[in-house]
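First comes the structure, then the notes that go with it.
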Amino acid sequence: MQYVAVVRTLALLLTFVAAAAVAAVAHTSPGAQAKLCGGEERWGIKTLSDSRADRVHFDAPRRHTIHYLLSKRDPHVVAATLRDADGSHVEATVYHLVGVRLVDARIEEDGDIHLVIRSKYPGEQMIVEFPNVACKGARVSKQKTEMEQARSDFATLCGLDAWATRKQRASPKKLVGTASIVGVGFFDLKHPRPQSGVAPNNIELHPVLEFSSEGCRLG
């Protein structure tokens, strides 16, 4: 009888410990999600947390056009390609685009806001992205403050306030209006299924460091 009582006591103890473990996981899941959000391929470069981020000329933004950026040669990067490996300095340059037209925006699975912009010509379009600074990489970047402010400004000015800190995926929202955008040049990998708004040469501004708008609103 004493043996049975001990077994029952141990079974109850194990049940209690298992329940406590489940509760602990549920309680800490938001923090765990914050650590896990973000992508993989060239993620350090996308969030200015890579070993070559100090090569970017943050103090000398260059004013150019979408047309100019689309003219740059695609270096056909892979996941392990380092920043500016082709020596073109595109990924070491901060670009300033003025008066670009807004097309649509969404939040991708990695937590980035994916914004499609175009010139006055419908065929000239590209992607710019706003990382979530709660995610890996961006959390330790020296440019965390600028990235956070740019994302907040976009969300506020375009009527998408909740997107400033949202990590979960969000469906596309059509936008109207124009904007001024400052961001770092970046070449993305070619995706098996082309992303919405992708440039022919896979160029992006990633991350965006400043965003201001002349009339951005939901379309």
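Predicted model only: the values in this text are computed from it and were never measured.
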Residues in salt bridge (charged side-chain N to carboxylate O under 4.0 Å, His left out) contact with [X], at least two apart in sequence or another chain:
| X | answer |
| --- | --- |
| Asp50 | Arg83 |
| Arg166 | none |
| Arg73 | Asp86 |

- Query: In chain order, what residues pass the side chain to side chain donor-acceptor pair (under 3.5 Å) check against Ser180, with sequence neighbours excluded?
  - Reply: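 Result, side chain to side chain donor-acceptor pair (under 3.5 Å) vs Ser180: His96.
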
Item checked: Partner set under side chain to side chain donor-acceptor pair (under 3.5 Å) for Thr93, not counting sequence neighbours ->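 Listed in chain order: nothing, the list is empty.
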
Requested in this report: Compute whether any side-chain donor of one residue and acceptor of the other, for Arg106 and Ser196, lie under 3.5 angstrom apart.
Outcome: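 A pair is found: one side chain offers a donor N or O, the other an acceptor, under 3.5 Å apart.
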
List the residues meeting ring pair (Phe, Tyr, Trp, His ring centres under 6.0 Å) with Phe186, not counting sequence neighbours, and say none if there are none.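 For Phe186 the ring pair (Phe, Tyr, Trp, His ring centres under 6.0 Å) partners, ignoring immediate neighbours, are His206.
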
Can you list the residues that meet the side-chain contact (heavy atoms from CB on, under 4.5 Å) rule with [X], with sequence neighbours excluded?
| X | result |
| --- | --- |
| Val78 | Thr81 |
| Ala150 | Phe130, Val208 |
| Arg217 | Val176 |
| Asn201 | Leu70, Lys72, Asp74, Phe187, Ala199, Ile203 |

### Residues Val184, Leu205; criterion side chain to side chain contact (heavy atoms under 4.5 Å, CB included); working and verdict
CA-CA 5 Å; Val184 183; Leu205 294 188; over 6 Å; no

Polar side-chain atom of Asp84 near backbone of Ser88 as donor-acceptor pair, under 3.5 Å
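Here the side-chain-to-backbone pair exists.
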
* Asked: Would you find more than 12 non-hydrogen atoms of other residues, nucleotides or ligands less than 6.0 Å from Glu214 atom CD?
  ->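 Above 12, so yes.
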
>> Considering only residues two or more places apart or on different chains, which pairs with a residue in residues 103-129 satisfy ring-ring contact (aromatic ring centres under 6.0 Å, His included)?
In response: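 Output for this query is empty, none listed.
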
| Parallel, tilted or perpendicular: ring planes of Phe154 versus Phe211, cut at 30 and 60 degrees |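 Phe154 and Phe211: perpendicular rings.
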
Exercise for review: Please go through Val140's hydrophobic cluster and name the other residues, only I, L, V, M, F, W, Y counting, with side-chain heavy atoms under 4.5 Å joining them.
Suggested key: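 Members besides Val140: none; it forms no cluster.
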
